[in-house]
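What follows is one structure encoded as structure tokens, with my remarks underneath.
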Amino acid sequence: MMDNLRLICLSVFLVAWTLSGACQQMPEKPNIVLIYVDDLGYGDLGSYGAVQITTPHLDRLAEQGVRFTNGYSTSATCTPSRYALMTGTYPWRRQGTGILPGDAALIVPQDKATIATVLRDAGYKTGVIGKWHLGLGESVDKNWNSAIKPGPLEVGFDYSFIFPATADRVPTVFIENHQVVGLEDDDPIHVSYTEKIGNEPTGRENPELLKMSSSPNHGHDNTIINGIGRIGFMEGGQKARWVDEELSLTFLSKAKIFIEENKSDPFFLFFALTEPHVPRMPATMFKGQSKLGYRGDAIKQMDWTVGEIIGELEKLKLDDNTVVIFTSDNGPVLDDGYVDGAVEQLNGHKPAGALRGGKYSIFEAGTRMPWIVWGKGVEKNKVSEALISQVDLLASLAELVDSVRPKEARDSKAMSKVLLGTADEGREYVIQHAGTLAIRKGDWKYIAPSSGRAYNKLTDIELGNLPEDQLYNLSEDPGETRNLANQYPEIVRELKSLMEKEKND
Ligand code: NG6
Ligand code: CA
């Protein structure tokens with residue numbers, strides 16, 4: 001009897017031991033949280049040199065992780081950068097990937113791999129929460145009052161809680177999966193980008209009703225919602241409309257629920273915050289915090305929100321099995337349509353750091369982004385100079401989770417080790433896009449000739465367009481002030497032909 005018991009105990013022990021060994025050999029897939037913010041500049045964070053504004057939560061991530069100094073978005077505006085991130089292809093290869101109006105149809109192909117399908121196929125629960133701006137539905141004439149599709153769920157996400165376009169464009173509503181949140185049957189939503197619809201006041205006709213003025217000539221003077229003039233006209237959906245002061249808190253609470261609900265599965269959360277894009281209308285607790293006006297306050301709010309996400313991961317003990325990637329879709333702008341103190345209260349802050357240009361610009365500030373990676377397997381307290389683009393995230397995350405890189409993500413390079421900071425060899429070169437194209441290789445940057453305007457007066461940004469070749473040495477001249485094209489014709493030739501090769505590929 002005693003012997004039998006011993007034998008049973010021994011067998012149970014052996015089985016348990018074997019099983020535990022087998023489990024140990026199977027590496028756990030890390031959760032991935034991609035925090036993608038809107039219009040944050042290279043100089044806007046403490047870890048990137050900002051002194052007039054403090055960003056303690058992101059600075060902590062930089063200290064405990066990897067901070068990139070040559071991380072790029074593909075483009076100097078939102079939609080094309082997001083298109084590249086989703087598809088792993090350069091947006092300038094395809095027509096119709098420019099800044100979309102709020103009623104645009106979905107531009108992400110449904111029959112091709114996306115960053116979300118790749119991770120979903122690898123066993124991940126995938127969610128997108130925040131700003132979308134990649135279009136919804138089959139066409140412009142869509143019914144906002146029934147199921148709105150195709151959208152995020154048709155291109156790889158299991159869950160979505162988004163707003164359609166930008167915070168300054170109608171319809172100013174949240175869409176959860178296929179439905180507008182809080183919509184009532186007797187108050188349907190209609191949207192137009194061509195003519196005024198409905199009887200609601202507009203910023204143009206009733207500027208006295210605005211709580212924040214639109215800047216002259218920018219065109220944010222259509223339907224007034226929450227005291228703010230928008231681009232586009234909207235009627236109906238009164239109770240479904242968002243309150244700008246609650247935008248980020250709403251996204252944050254949805255993100256926390258998504259993380260909590262999926263804590264036992266590997267998950268991919270694409271958390272697309274709207275700060276510091278216009279209209280900047282931070283929550284009351286952040287108003288006045290930065291002393292730099294609402295743009296600074298919005299950055300404080302964004303930094304706090306990132307801290308809340310990290311806190312949630314820590315609370316659920318997921319921090320040691322999650323990789324967090326933080327970056328921005330395009331460079332900074334002060335006056336992008338509203339009089340919100342961004343210009344007047346700048347107080348010496350340099351949103352682009354030492355770089356030239358800003359949002360919309362082919363100069364560096366348009367596409368060189370703050371970029372921080374933190375978490376499982378990520379090097380600590382490292383500054384990486386590796387050249388990497390957001391178009392590489394698709395292939396790099398596929399590699400990180402041991403998945404195959406889909407062929408159609410043709411521009412996406414698998415660089416998971418660079419992302420984690422365990423390798424330093426980045427891309428050989430990258431193409432930058434802001435109307436015209438540029439190419440960066442090593443220290444050199446070549447900008448193709450363009451007939452576009454050199455300067456945008458409305459936003460006070462140097463766009464970088466010139467009718468001739470431009471060549472800059474970014475290590476000696478990070479501010480792109482000395483055009484060396486005439487001095488180094490052979491480098492111009494080399495970069496030009498590389499760019500042509502990429503274009504015709
Ligand atoms: C511009 C808007 C700007 C902003 C931008 C999109 C005007 C004059 N300006 O056309 O306010 O909405 O589009 O920003 O309408 S992005 O970050 O989504 O690309
Ligand atoms: Ca943007």
Can you give me the closest heavy-atom contact between [X] and [Y], atom names plus distance?
X	Y	value
Pro467	Pro449	O-CB, 3.2 Å
Val191	Pro171	CG2-CB, 3.8 Å
Pro109	Thr114	O-CG2, 4.5 Å
Gly88	Leu394	N-CD1, 3.9 Å
Ile325	Leu397	CD1-CD2, 3.9 Å

Residues forming a side-chain contact (heavy atoms from CB on, under 4.5 Å) with Pro56, sequence neighbours excluded: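 Partners of Pro56 under the side-chain contact (heavy atoms from CB on, under 4.5 Å) test: Thr54, Lys300, Asp303.
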
Contacts of type side-chain contact (heavy atoms from CB on, under 4.5 Å), residue Thr322, not counting sequence neighbours: Asn31, Val33, Leu313, Leu318, Val324

Check whether [X] reaches the backbone of [Y] with its side chain - one donor and one acceptor, N or O, closer than 3.5 Å.
X	Y	value
Tyr90	Ile431	yes
Ser389	Val391	yes
Asp297	Gly288	yes
Asn143	Asn145	yes
Gln52	Ser290	no
Asp59	Ser47	yes
Glu408	Ala113	yes
Trp132	Gly135	yes
Lys142	Asp103	yes
Ser75	Thr77	no

Worked check of side-chain hydrogen bond (donor to acceptor under 3.5 Å, both in side chains) between Glu275 and Ser248: CA-CA 8 Å; Glu275 294 101 337; Ser248 271; 2.4 Å; yes

Are [X] and [Y] ion-paired here, with the side-chain N under 4.0 Å from a carboxylate O?
X	Y	answer
Asp44	Arg295	yes
Lys211	Glu245	yes
Lys256	Glu308	yes
Arg230	Asp168	no
Asp38	Lys131	yes
Glu480	Arg356	no
Lys263	Glu260	yes

Using atom types as modelled, flag every donor-acceptor pair under 3.5 Å from a side chain in residues 195-202 to any protein atom, sequence neighbours excluded.
unit_1: Lys196; atom_1: NZ; unit_2: Glu200; atom_2: O; d: 3.4
unit_1: Lys196; atom_1: NZ; unit_2: Glu205; atom_2: OE1; d: 3.2
unit_1: Glu200; atom_1: OE1; unit_2: Arg241; atom_2: NH1; d: 2.9
unit_1: Glu200; atom_1: OE2; unit_2: Gln238; atom_2: NE2; d: 3.3
unit_1: Glu200; atom_1: OE2; unit_2: Arg241; atom_2: NH2; d: 2.8
unit_1: Thr202; atom_1: OG1; unit_2: Glu205; atom_2: N; d: 3.1
unit_1: Thr202; atom_1: OG1; unit_2: Glu205; atom_2: OE1; d: 3.1

Just jot down the side-chain hydrogen bond (donor to acceptor under 3.5 Å, both in side chains) partners of [X], sequence neighbours excluded, or say none.
X	answer
Thr126	Asp158
Asp319	none
Ser81	none
Arg368	Tyr72, Glu364

Salt bridge (charged side-chain N to carboxylate O under 4.0 Å, His left out) between Lys239 and Asp187, worked out: CA-CA 9 Å; Lys239 293 191 180 150; Asp187 188 24; over 6 Å; no

Arg93/Asp411 under salt bridge (charged side-chain N to carboxylate O under 4.0 Å, His left out): CA gap, chis, key distance, verdict: CA-CA 10 Å; Arg93 294 197 191 283; Asp411 299 310; 2.8 Å; yes

Can [X] and [Y] be counted as having a side-chain donor-acceptor contact under 3.5 angstrom?
X	Y	result
Asn347	Gln345	no
Thr327	Gln390	yes
Arg94	Thr97	no
Ser73	Asn330	no

Close side-chain approach of [X] and [Y], heavy atoms under 4.5 Å:
X	Y	result
Ile129	Ile162	no
Ile388	Phe68	yes
Leu346	Leu292	no
Thr274	His277	yes
Asp39	Ser328	no
Ile372	Leu45	yes
Ile189	Leu183	yes
Trp371	Asn70	no

With sequence neighbours excluded, give me every ring pair (Phe, Tyr, Trp, His ring centres under 6.0 Å) pair touching [range].
range	result
residues 322-365	His220-Tyr338
residues 43-63	Tyr42-Tyr48
residues 143-171	Phe161-Phe174, Phe163-Trp242, Phe163-Phe251

Counterpart residues, ring pair (Phe, Tyr, Trp, His ring centres under 6.0 Å), relative to Tyr83 (two or more places apart): none

All ring pair (Phe, Tyr, Trp, His ring centres under 6.0 Å) counterparts of Tyr124, not counting sequence neighbours: none

Matching residue for Thr367 among Arg440, His433, Lys359, Gln432 - test: side chain to side chain donor-acceptor pair (under 3.5 Å):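 It is Gln432; the other options fail the test.
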
Derivation of the side-chain hydrogen bond (donor to acceptor under 3.5 Å, both in side chains) call for Tyr193 and Asn222: CA-CA 9 Å; Tyr193 274 75; Asn222 300 158; over 6 Å; no

